[in-house]
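All values reported here derive from a predicted model rather than from experimental measurement.
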Amino acid sequence: MEFAELIRTPRVDNVVLHRPFYPAVEGTLCLTGHHLILSSRQDNTEELWLLHSNIDAIDKRFVGPLGTIIIKCKDFRIIQLDIPGMEECLNIASSIEALSTLDSITLMYPFFYRPMFEVIEDGWHSFLPEQEFEFYSSATSEWRLSYVNKEFAVCPSYSPIVIVPKSIDDEALRKVATFRHGGRFPVLSYYHKKNGMVIMRSGQPLTGTNGRRCKEDEKLINATLRAGKRGYIIDTRSLTVAQQARAKGGGFEQEAHYPQWRRIHKSIERYHILQESLIKLVEACNDQTHNMDRWLSKLEASNWLTHIKEILTTACLAAQCIDREGASILIHGTEGTDSTLQVTSLAQIILEPRSRTIRGFEALIEREWLQAGHPFQQRCAQSAYCNSRQKWESPVFLLFLDCVWQILRQFPCSFEFNENFLIMLFEHAYASQFGTFLGNNESERCKLKLQQKTMSLWSWVNRPSELSKFTSPLFEANNLVIWPSVAPQSLHLWEGIFLRWNRSSKYLDEAYEEMVNIIEHNKELQAKVNILRRQLAELETEDGMQESP
Amino acid sequence: MEHIRTPKVENVRLVDRISSKKAALGTLYLTATHVIFVENAPDTRKETWILHSQISTIEKQATTATGCPLLIRCKNFQLLQLIVPQERDCHDVYISLIRLAKPVKYEELYCFSFNPKLDKEEREQGWMLIELSEEYKRMGLPDDYWQLSDVNRDYRVCDSYPTELFVPKSATAHIILGSSKFRSRRRFPALSYYYKDNHASICRSSQPLSGFSARCLEDEQMLQAIRKANPGSDFIYVVDTRPKLNAMANRAAGKGYENEDNYSNIKFQFIGIENIHVMRNSLQKMLEVCELKSPSMSDFLWGLENSGWLRHIKAIMDAGIFIAKAVSEEGASVLVHCSDGWDRTAQVCSVASLLLDPHYRTLKGFMVLIEKDWISFGHKFNHRYGNLDGDPKEISPIIDQFIECVWQLMEQFPCAFEFNERFLIHIQHHIYSCQFGNFLCNSQKERQELKIQERTYSLWAHLWKNRADYMNPLFRADHSQTRGILRLPTTPCNFMYKFWSGMYNRFEKGLQPRQSVTDYLMAVKEETQQLEEELEALEERLEKIQKVQLNHTKVKSKPSEPSKHSGFSTSDNSTANTPQDYSGNMKSFPSRSPSQGDEDSALILTQDNLKSSDPDLSANSDQESGVEDLSCRSPSGGDCVPSEDSAKDRDSDEAVFLTA
């Protein structure tokens with residue numbers, strides 16, 4: 001298919017662009033296969049380049065011959081284009097609609113994008129499971145890499161290489177896979193070096209109504225416990241939901257069959273409930289008319305912060321089991337691809353200082369989200385403005401990023417990255433020139449040959465020029481476990497994401513700049529003083545030598 | 001002393017607010033000025049000191065098997081829950097505190113016994129730090145339009161006004177006197193702020209006694225005079241900060257508001273800020289939300305909304321923004337009043353001044369602002385903040401609201417203020433503490449009669465001495481944000497106004513950010529200054545040596561002392577950071593493994609540590625600021641060594657999630 005077929009009008013002159021906090025810009029609107037471009041053809045005015053895949057919904061309306069298209073983006077921005085001529089306007093609108101809803105992944109921009117920067121390090125090879133395993137293998141010999149999923153035959157949503165208990169062979173893993181939802185047998189998510197406790201994750205056990213059990217599953221899980229130790233199974237569903245799952249063949253671990261384990265149910269919402277929460281929240285943030293009380297009640301009614309609190313609380317509980325109780329844990333919900341990953345990854349932010357560095361956080365996203373099979377393609381297909389409610393969209397990843405932001409806000413000096421890093425990840429998960437977040441799992445990414453055909457986000461981000469934008473000047477390595485507060489007073493609306501387009505950030509940006517200046521100036525002085533000290537020391541030894549010939 | 005029925009009760013438990021299962025065992029002492037709780041734990045003997053004047057309410061709850069619970073709520077939002085083993089003791093403590101918290105004479109207040117060991121001269125200098133006459137000079141007064149009036153000499157006209165006031169030149173004593181008779185409590189229109197760039201002014205008064213039809217020629221002339229004092233504008237705004245309905249109701253009592261028909265060239269405007277009773281109830285409701293044991297997100301947001309608190313804050317801000325705009329953009333003068341002109345009027349005039357003039361956003365300028373709009377113009381501190389026993393219906397958090405408005409602005413303009421959040425919190429604390437004389441009484445006149453300046457110390461001098469603690473590291477005098485007017489967005493940004501947990505939950509350290517950017521940056525700046533000095537010294541020495549070497553003279557110099565830069569590692573000030581109760585209601589594990597060592601989860605509370613540098617705020621160290629009365633000596637005996645605020649709480653290191 002040619003994009004030209006979809007572009008009914010490639011160019012319109014005298015289009016006026018309206019954005020909040022910017023003066024209106026008049027210019028020429030161009031449509032290409034992947035971008036909407038507005039150029040004023042004046043040297044000093046910035047052009048607008050918008051990826052079609054960033055467009056969530058459009059509205060059009062007409063006043064006489066003047067058409068207006070309101071474009072609502074997945075990053076929550078809303079822009080308005082005034083287009084002279086009804087026909088042009090209709091053509092542009094239908095072209096945008098078609099181009100922003102392409103159903104073939106291979107037509108997406110990452111397959112066409114040619115980077116203009118020099119690739120220093122190929123991001124596709126930056127975080128290989130083997131390398132990650134090396135971090136653990138120095139500390140423990142109880143775990144091994146398994147290639148049982150090499151052809152994605154055992155579990156289609158796992159990566160080809162997973163970490164499992166050394167004492168469990170691949171044959172047993174195959175059997176366990178048949179007992180777990182989606183073939184997602186328990187694998188290692190995190191190893192707490194301090195006390196050897198672990199976080200494992202999996203899909204729900206397929207116990208069904210007649211209480212099916214699987215000896216290999218029990219053996220695998222017990223194999224992770226040290227002698228005399230006990231563990232916790234954190235089920236991210238309420239007990240009722242977990243019980244209902246049995247009717248559909250799912251279920252939960254019976255304590256009789258797993259006597260060394262204590263099960264805890266925590267309720268984290270899923271799918272459309274989260275999606276509706278996001279829609280309501282963004283609606284409240286965009287509504288400028290209501291008075292003070294309406295704002296708070298709308299914020300409350302969206303339940304967004306309630307979800308944040310639930311997720312963070314569960315992650316803290318998991319971390320507490322590991323670090324304070326000295327107990328290993330297994331986490332799962334139903335599929336083990338959403339709330340499970342929120343909890344395992346946030347627990348690592350709390351427990352593991354490395355995951356609070358830029359590199360470590362990227363590795364965490366690779367391990368716990370991409371390789372762990374979070375279905376990005378499905379979850380991020382639409383954002384807060386989409387009317388057609390499909391079943392699979394859900395801001396699971398955004399909630400995770402929001403939770404990280406909440407912790408960062410409470411521990412501003414313990415993270416190597418700043419808020420912009422999290423915002424950048426949110427943007428690329430929904431619309432990107434890079435292939436990193438395409439597909440739903442490693443198997444799909446393999447079939448799409450993303451490594452050969454697209455550029456990795458990490459190739460771009462990890463260049464010094466980009467990294468400097470995402471590095472927090474406040475960072476001081478903190479080797480401790482950080483326990484965030486989950487009280488409502490401590491949780492805040494993430495303004496950097498949700499009010500980003502509704503308020504001017506000028507003064508806050510200036511404050512950030514001032515902060516950077518203060519710290520930079522200090523570093524420069526430090527360097528200067530060190531040089532002078534050295535010079536002085538040299539001169540003085542020379543002096544001494546001359547004195548005593 | 002005669003009010004203390006029992007000076008000491010042993011085996012009292014101080015209950016932890018967050019996890020009620022935890023309680024510290026200790027001894028409770030009552031002194032003439034403080035309630036003191038000293039923990040038994042031998043290694044810490046942590047002390048909690050509460051000034052009697054901070055006590056807002058004392059509640060004796062039903063006796064349980066463990067003892068008799070006593071709940072003490074403080075005006076600085078601290079909450080203390082004690083369990084006294086014997087009912088009788090509890091009753092004695094309760095009765096004593098009820099009396100101690102409500103002194104009947106000014107002489108009973110802490111400031112009359114507080115002695116920071118300064119000599120007479122230092123004390124007098126302290127009172128001279130803030131001079132209002134200097135401030136009016138800074139505004140450019142007197143000038144061709146405004147003059148200092150002595151009409152209120154010896155408080156002859158209005159006993160709640162200061163003696164020195166600026167009025168329009170054309171307002172004769174006759175006009176002022178006439179106008180004062182037509183205004184509630186004779187609070188005639190006087191200058192609050194003068195915007196010398198365009199001669200527009202902010203004036204303040206009380207409501208006119210207009211009733212349904214009364215008028216007063218002199219009052220009309222007074223407003224005329226204010227208009228004439230601003231040649232650039234042919235009208236003035238008259239802003240009534242009350243809701244219209246309240247103002248109308250006042251007419252029936254012979255009070256009311258200006259009739260536009262009677263006054264030439266005024267634009268009359270209502271701005272609905274609610275009265276002191278609504279504000280008191282609103283705060284009460286919000287504090288109930290803050291007190292909830294483990295509220296859900298909905299409980300909290302719903303309760304916050306229901307309290308209406310942020311709506312009231314926004315109303316005050318909106319009024320301030322309106323006036324600042326009228327003055328700076330329209331060049332029009334504004335007369336502001338409410339009923340008596342000492343609550344809402346003070347709030348609104350000071351918010352507008354703060355928006356208009358960068359000077360008020362500096363440390364000293366802010367003290368001047370409070371001195372001018374609040375202290376000198378007779379804001380009734382004694383009644384509003386219940387320093388002496390009085391009518392509880394007079395109590396209302398009026399200046400608290402103003403302080404919060406400033407904080408809300410600081411959040412929007414992080415570089416615009418010379419001072420930081422701690423400065424605001426400490427001022428709030430001392431408005432209630434009665435440790436300094438500044439906020440005593442209801443008017444300047446009363447303060448003079450009490451000879452406050454001779455008998456007490458000034459807070460401003462104390463804050464100024466410790467100003468290093470109150471600096472905003474992001475402030476730069478030459479920054480564009482610092483200069484000129486603070487312009488807020490025109491769209492109704494409700495989301496701009498946020499709950500201030502740093503104030504209302506400030507004693508629950510666990511709810512606050514664990515690392516303070518402000519303190520971190522202050523440490524960096526301090527080090528930068530040291531580096532600059534060292535750099536200069538090094539350069540000098542280097543130059544000397546090079547010169548000497550050039551001359552082939554041999555001079556021996558001592559090797560430089562390598563000064564170590566330990567960085568700003570926040571980690572040496574460790575305060576236990578422990579997990580909260582994350583579990584909700586979970587079954588407990590049959591045999592729990594012992595909790596892990598606590599050393600590595602200890603965490604960094606820079607904020608805490610720096611905070612304790614101001615002794616009068618950390619709840620337990622008021623003793624350091626010196627108390628003459630012997631009964632106030634630290635009950636731990638011997639010298640009053642300030643106990644570490646950050647003292648480790650042994651219990652808290654235990655994982656608590658299983659115990660619920």
Side-chain angles (χ1 to χ4, degrees), chain A residues 195 262 264 288 291-293 295-297 299-300 305-306 309 313 316-317 320 323-327 409-414 474 476 478 480-483 485-490 499 503-504 507-508 510-511 514-515 518-519 521-522 525-526 528-529 532-533 535-537 539-540 543 546-547, chain B residues 295 297-298 300-302 304-305 310-311 314 412-415 473-474 481 489 491-495 501 505 510-511 513-515 517 520-521 524-525 527-528 531-532 534-535 538 541-542 545 554 556-557 559-560 569-570 577-580 582-583 586 589 592-593 595-596 600-601 603 655 657:
Chain A
N195 60 9
R262 156 103 31 212
I264 306 170
Q288 307 268 328
N291 61 32
M292 193 70 225
D293 288 349
W295 157 245
L296 285 173
S297 69
L299 179 63
E300 191 269 316
L305 289 169
T306 301
K309 186 166 158 41
T313 306
C316 288
L317 179 68
Q320 208 175 11
D323 190 67
R324 292 310 175 97
E325 290 297 304
R409 218 196 129 269
Q410 295 184 26
F411 295 88
C413 305
S414 298
L474 299 170
E476 293 241 312
N478 171 2
L480 308 174
V481 176
I482 55 176
W483 298 107
S485 161
V486 296
Q489 290 97 319
S490 312
L499 300 177
R503 50 142 209 208
S504 162
Y507 302 119
L508 302 179
E510 283 173 1
E514 189 60 29
M515 191 169 86
I518 290 171
I519 293 166
H521 179 55
N522 177 278
L525 276 180
Q526 187 86 63
K528 266 189 206 162
V529 165
L532 283 187
R533 272 193 208 145
Q535 274 183 5
L536 206 61
L539 280 174
E540 275 160 354
D543 235 25
Q546 285 172 352
E547 201 178 17
Chain B
M297 206 69 223
S298 294
F300 177 73
L301 288 175
W302 190 86
L304 185 60
E305 178 200 323
L310 289 174
R311 181 161 47 86
K314 184 175 186 294
Q412 297 299 313
F413 301 93
C415 305
L474 296 173
Q481 241 181 80
T491 46
C493 294
N494 301 303
F495 41 70
S501 80
N505 282 117
L511 301 185
R514 307 308 171 87
Q515 295 173 323
V517 176
Y520 179 87
L521 290 177
V524 172
K525 277 190 125 169
E527 198 209 45
T528 301
L531 283 170
E532 266 160 3
E534 193 187 346
L535 192 67
L538 283 171
R541 257 175 53 201
L542 206 59
I545 290 181
K554 289 169 192 172
K556 210 175 173 183
S557 69
S560 70
S569 168
T570 37
N577 167 44
T578 51
Q580 303 181 334
Y582 297 120
S583 65
M586 165 186 137
F589 209 71
R592 51 191 274 201
S593 43
S595 55
Q596 302 296 306
D600 54 357
S601 44
L603 210 113
F657 77 103

> Can you name the closest pair of heavy atoms from A/Q320 and B/Y582 and give their distance?
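Looking at all heavy atoms of both residues, the shortest contact is OE1-CD1, 3.4 Å.
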
> For A/K528 and B/L535, which heavy atoms make the closest approach, and how far apart are they?
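The answer is CB-CD1, 3.8 Å.
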
> Is the shortest heavy-atom distance from the side chain of B/Q481 to the side chain of A/E514 under 4.5 Å?
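No, their side chains stay 4.5 Å or more apart.
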
> Among the options B/C415, B/G510, B/S501, B/S298, pick out the one with the most heavy-atom pairs lying under 4.5 Å from chain A.
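Looking at each option in turn, the highest pair count goes to B/S298.
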
> So, taking the atom named CD in A/E300 and the one named CE in B/M297, what distance separates them when rounded to the nearest 0.5 Å?
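Rounded to the nearest 0.5 Å, the CD-CE separation comes out at 9.5 Å.
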
> Report which part of A/A487 has an atom under 4.5 Å of a heavy atom belonging to chain B: side chain, backbone, both, or neither.
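Its backbone and side chain both get close to chain B.
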
> May I ask you to decide if A/S414's main-chain N or O and B/Q515's side chain share a donor-acceptor pair within less than 3.5 Å?
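Yes, because the side chain of B/Q515 sits within donor-acceptor range (under 3.5 Å) of the backbone of A/S414.
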
> Taking atom OH of B/Y520 and atom CG of A/L474, what is their separation to the nearest 0.5 Å?
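CG of A/L474 is found 6.0 Å from OH of B/Y520.
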
> Shortest non-hydrogen contact from B/F300 to A/Q489?
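For B/F300 and A/Q489, the tightest heavy-atom pair comes out as CE1-CG, 3.6 Å.
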
> Do you know the tightest heavy-atom contact between B/E527 and A/N522?
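Residues B/E527 and A/N522, closest heavy atoms: OE1-ND2, 2.7 Å.
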
> Under 4.5 Å heavy-atom distance to chain B, tell me which part of A/T306 shows up: side chain, backbone, both or neither.
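For A/T306, heavy atoms of backbone and side chain both lie under 4.5 Å from chain B.
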
> Is it the case that the side chain of A/S490 and the backbone of B/L511 share a donor-acceptor pair, with hydrogens and angles ignored and the cut-off at 3.5 Å?
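Confirmed, A/S490 side chain pairs with B/L511 backbone.
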
> So which atom in A/I518 and which in B/P473 form the shortest heavy-atom distance, rounded to 0.1 Å?
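Reported closest heavy-atom pair: CD1-O, 3.3 Å.
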
> Who pairs with A/Q535 by side chain to side chain donor-acceptor pair (under 3.5 Å), at least two apart in sequence or on another chain?
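With neighbours one apart ignored, the set is empty.
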
> Under 4.5 Å between any side-chain heavy atoms of B/R514 and A/S485, yes or no?
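Of all side-chain heavy-atom pairs linking A/S485 with B/R514, at least one is under 4.5 Å.
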
> Against chain B, label A/L299 side chain, backbone, both or neither, depending on which of its atoms sit under 4.5 Å from a heavy atom there.
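Both backbone and side chain of A/L299 come within 4.5 Å of chain B.
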
> In terms of the angle between their ring planes, are B/F413 and A/Y507 parallel, tilted or perpendicular, with boundaries placed at 30° and 60°?
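The arrangement is tilted - the two ring planes meet at 30° to 60°.
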
> Measure B/E532 against the heavy atoms of chain A and call it side chain, backbone, both or neither at under 4.5 Å.
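The answer is both parts of B/E532.
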
> Quick one: closest heavy-atom pair of A/M515 and B/L474, and the distance?
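Closest heavy-atom pair between A/M515 and B/L474: N-CD2, 3.8 Å.
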
> Restricting to side chain to side chain donor-acceptor pair (under 3.5 Å), what partner residues turn up for A/Q410, sequence neighbours left out?
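By the side chain to side chain donor-acceptor pair (under 3.5 Å) rule, A/Q410 matches no residue at all.
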
> Could you grab the distance from atom CG of B/L304 to atom OG of A/S297, nearest 0.5 Å is fine?
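Atom-to-atom, B/L304:CG and A/S297:OG are 11.5 Å apart.
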
> Supply the atom-to-atom distance B/I545 CD1 to A/L539 CG, rounded to the nearest 0.5 angstrom.
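B/I545 atom CD1 to A/L539 atom CG measures 6.0 Å (nearest 0.5 Å).
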
